[in-house]
Participant: 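The structure's right below; bear with me while I get my questions together.
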Amino acid sequence: NYDSAIKRFEDAISISDNDDECFFLCGRSYYNNENYDKAIEKFKQAIKINNTNEKFFYWCGLALYNNGNSDGAIEMFGNAINIDNTNPDYFYLRWISYYNSENSDYVSAIEDFEHAIELSDNNDEYYYWCGLAYQHNEEYDAAIEKFEKAIKLNDKDANYFYFCGL
């Protein structure tokens, strides 16, 4: 039960307010309870104590994204990437945030997905989402190429065929 975990973490924080891991785990508990505002608050406190741990930025980005703040998520995933640029999930999630942001920055999204694909070229979802970004950017040949690669990796997802045929 996350409520009891939250209470214990909050008690620990009241005793010692400089334990980044305690703030982080408290934030994870709030996140798992879908209380994104409190999760963001705790993740940011962990970051304030230790801004070299990419997982703090990653989870803060997830909470911001789930709370409807794509621009904040982009910043947090970017910070995680600055610390560890070998994790394709950070690029993937920043791309999703670009894609769903108010300004829908497809060029930046494409750059992130191409990088994620370089790091993990066997993930059909990366190719699919990259294809969508190319499609929205009206680069149809590149979009088809990505959709075809997604199909090659996973021929059971009807969306891949649908978007490849558009």
Side-chain angles (χ1 to χ4, degrees), residues 1-120 122-137 146 150 157 159:
N1 177 319
Y2 295 111
D3 291 332
S4 62
I6 289 167
K7 182 178 178 352
R8 290 176 191 225
F9 285 124
E10 291 288 7
D11 289 345
I13 289 168
S14 70
I15 295 167
S16 174
D17 65 354
N18 64 350
D19 184 341
D20 60 335
E21 196 67 22
C22 193
F23 278 107
F24 170 69
L25 293 172
C26 188
R28 289 279 309 267
S29 297
Y30 278 118
Y31 180 90
N32 290 333
N33 266 358
E34 297 181 6
N35 185 339
Y36 301 121
D37 288 329
K38 289 295 282 185
I40 292 163
E41 175 188 319
K42 297 303 177 187
F43 293 140
K44 286 186 175 181
Q45 288 172 312
I47 290 166
K48 187 175 180 181
I49 296 167
N50 177 2
N51 66 359
T52 62
N53 190 325
E54 76 276 0
K55 74 180 176 183
F56 298 168
F57 291 103
Y58 167 80
W59 281 98
C60 191
L62 285 176
L64 286 161
Y65 180 80
N66 283 310
N67 210 30
N69 184 347
S70 292
D71 291 334
I74 290 166
E75 179 183 347
M76 288 297 161
F77 293 132
N79 288 332
I81 290 166
N82 288 338
I83 297 168
D84 177 9
N85 67 359
T86 64
N87 188 327
D89 289 340
Y90 298 165
F91 290 94
Y92 171 76
L93 290 165
R94 186 170 71 173
W95 179 87
I96 295 295
S97 299
Y98 279 131
Y99 186 82
N100 290 306
S101 71
E102 249 181 68
N103 298 325
S104 299
D105 184 354
Y106 300 121
V107 172
S108 295
I110 290 166
E111 290 172 6
D112 273 0
F113 254 94
E114 291 291 2
H115 191 77
I117 288 168
E118 284 176 26
L119 295 171
S120 179
N122 61 348
N123 188 317
D124 55 290
E125 286 187 24
Y126 292 175
Y127 286 98
Y128 167 71
W129 286 102
C130 190
L132 286 178
Y134 275 118
Q135 185 179 46
H136 285 291
N137 209 40
K146 296 303 179 192
D157 193 318
N159 285 322

Participant: Show me the pairs that pass salt bridge (Lys or Arg N to Asp or Glu O under 4.0 Å) and involve residues 84-98, at least two apart or across chains.
Facilitator: Arg94-Asp112
Participant: Might you point out which heavy atoms bring Cys130 and Lys146 nearest each other, and give the distance in Å?
Facilitator: SG-CE, 4.0 Å
Participant: Restricting to salt bridge (Lys or Arg N to Asp or Glu O under 4.0 Å), what partner residues turn up for Glu125, sequence neighbours left out?
Facilitator: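 Here no residue qualifies.
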Participant: For Asn18, give me all partners under side chain to side chain donor-acceptor pair (under 3.5 Å), at least two apart in sequence or on another chain.
Facilitator: Ser16
Participant: Restricting to side chain to side chain donor-acceptor pair (under 3.5 Å), what partner residues turn up for Asn66, sequence neighbours left out?
Facilitator: Tyr31
Participant: Exactly one of Tyr99, Tyr106, Tyr134 should register a ring pair (Phe, Tyr, Trp, His ring centres under 6.0 Å) with Trp129. Which one does?
Facilitator: Tyr99
Participant: From Leu64 CG over to Ile74 CD1, what is the distance, rounded to the nearest 0.5 angstrom?
Facilitator: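 Spacing of CG (Leu64) from CD1 (Ile74) equals 11.0 Å.
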Participant: CG/Asn33 to CD1/Ile6 distance, rounded to the nearest 0.5 angstrom?
Facilitator: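 Spacing of CG (Asn33) from CD1 (Ile6) equals 4.5 Å.
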Participant: Excluding sequence neighbours, so at least two apart, what forms salt bridge (Lys or Arg N to Asp or Glu O under 4.0 Å) with Lys38?
Facilitator: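 Expected list: Glu41.
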Participant: To check you understand the geometry: which heavy-atom pair defines the closest contact between Asp19 and Ile49, and what is its length?
Facilitator: N-CD1, 4.0 Å
Participant: Can you tell me how far CG of Asp124 sits from CG of Asn159, rounded to the nearest 0.5 angstrom?
Facilitator: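 Going from the CG atom of Asn159 to the CG atom of Asp124 covers 11.0 Å.
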Participant: Quick one: pull up CD1 in Ile81 and OG1 in Thr86 and give me the separation to the nearest 0.5 Å.
Facilitator: 10.5 Å
Participant: I'd like to check the salt bridge (Lys or Arg N to Asp or Glu O under 4.0 Å) partners of Lys55; sequence neighbours left out, ordered by chain and number.
Facilitator: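 For Lys55 the salt bridge (Lys or Arg N to Asp or Glu O under 4.0 Å) partners, ignoring immediate neighbours, are Glu21.
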Participant: Can you name the nearest heavy-atom pair linking Ala73 to Gly61, along with the distance?
Facilitator: CB-O, 3.4 Å
Participant: Check for a donor-acceptor pair, side chain of Asn67 on one end and backbone N or O of Ala63 on the other, with a separation under 3.5 Å.
Facilitator: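 Answer holds: no.
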Participant: Do you know which two heavy atoms are closest between Leu119 and Asn85, and how far apart they sit?
Facilitator: CD1-O, 3.6 Å
Participant: Do you know the tightest heavy-atom contact between Ser70 and Ser101?
Facilitator: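 Nearest heavy atoms, Ser70 then Ser101: CB-CA, 3.7 Å.
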Participant: Under the ring pair (Phe, Tyr, Trp, His ring centres under 6.0 Å) test, which residues partner Phe91, sequence neighbours left out?
Facilitator: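 Phe91 satisfies ring pair (Phe, Tyr, Trp, His ring centres under 6.0 Å) with His115 once adjacent residues are dropped.
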Participant: If we only count heavy atoms from C-beta on, is the Leu93 to Tyr65 side-chain gap below 4.5 Å?
Facilitator: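 Of all side-chain heavy-atom pairs linking Tyr65 with Leu93, none is under 4.5 Å.
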Participant: Sequence neighbours left out, what passes side chain to side chain donor-acceptor pair (under 3.5 Å) with Tyr127? Give chain and number order.
Facilitator: none
Participant: Could you report the tightest heavy-atom contact between Phe57 and Ala80, atom names first, then the distance?
Facilitator: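 The pair with the smallest heavy-atom distance is CB-N, 3.9 Å.
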Participant: The criterion is ring pair (Phe, Tyr, Trp, His ring centres under 6.0 Å); which residues satisfy it with Tyr90, sequence neighbours excluded?
Facilitator: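 Per chain and number, Tyr90 pairs via ring pair (Phe, Tyr, Trp, His ring centres under 6.0 Å) with Tyr58.
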Participant: Using atom types as modelled and distance alone, determine if a side-chain donor or acceptor of Ser120 lies under 3.5 Å from a backbone N or O of Ala116.
Facilitator: no
Participant: Would you say the side chain of Lys7 lies within less than 4.5 Å of the side chain of Glu10, judging by non-hydrogen atoms?
Facilitator: no
Participant: The criterion is ring pair (Phe, Tyr, Trp, His ring centres under 6.0 Å); which residues satisfy it with Phe9, sequence neighbours excluded?
Facilitator: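 Expected list: none.
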Participant: With sequence neighbours excluded, tell me which residues meet ring pair (Phe, Tyr, Trp, His ring centres under 6.0 Å) with Phe77.
Facilitator: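 Ring pair (Phe, Tyr, Trp, His ring centres under 6.0 Å) check on Phe77 returns nothing, list empty.
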Participant: If only side-chain N and O atoms count, and only distance matters, is there a donor-acceptor pair under 3.5 Å linking Glu34 with Tyr2?
Facilitator: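 Judged by distance alone, the side chains do not pair up.
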Participant: State the CZ-SG distance between Phe43 and Cys26, to the nearest 0.5 angstrom.
Facilitator: 9.0 Å
Participant: Measure the CZ-CD1 distance between Phe23 and Ile13 for me, rounded to the nearest 0.5 Å.
Facilitator: 4.5 Å
Participant: Once side chain to side chain donor-acceptor pair (under 3.5 Å) is applied, do any residues pair with Tyr36, and if so which ones, sequence neighbours excluded?
Facilitator: none
Participant: Report the relative orientation of the aromatic rings in Phe24 and Phe56; use parallel for angles under 30°, tilted for 30 to 60°, perpendicular for over 60°.
Facilitator: tilted
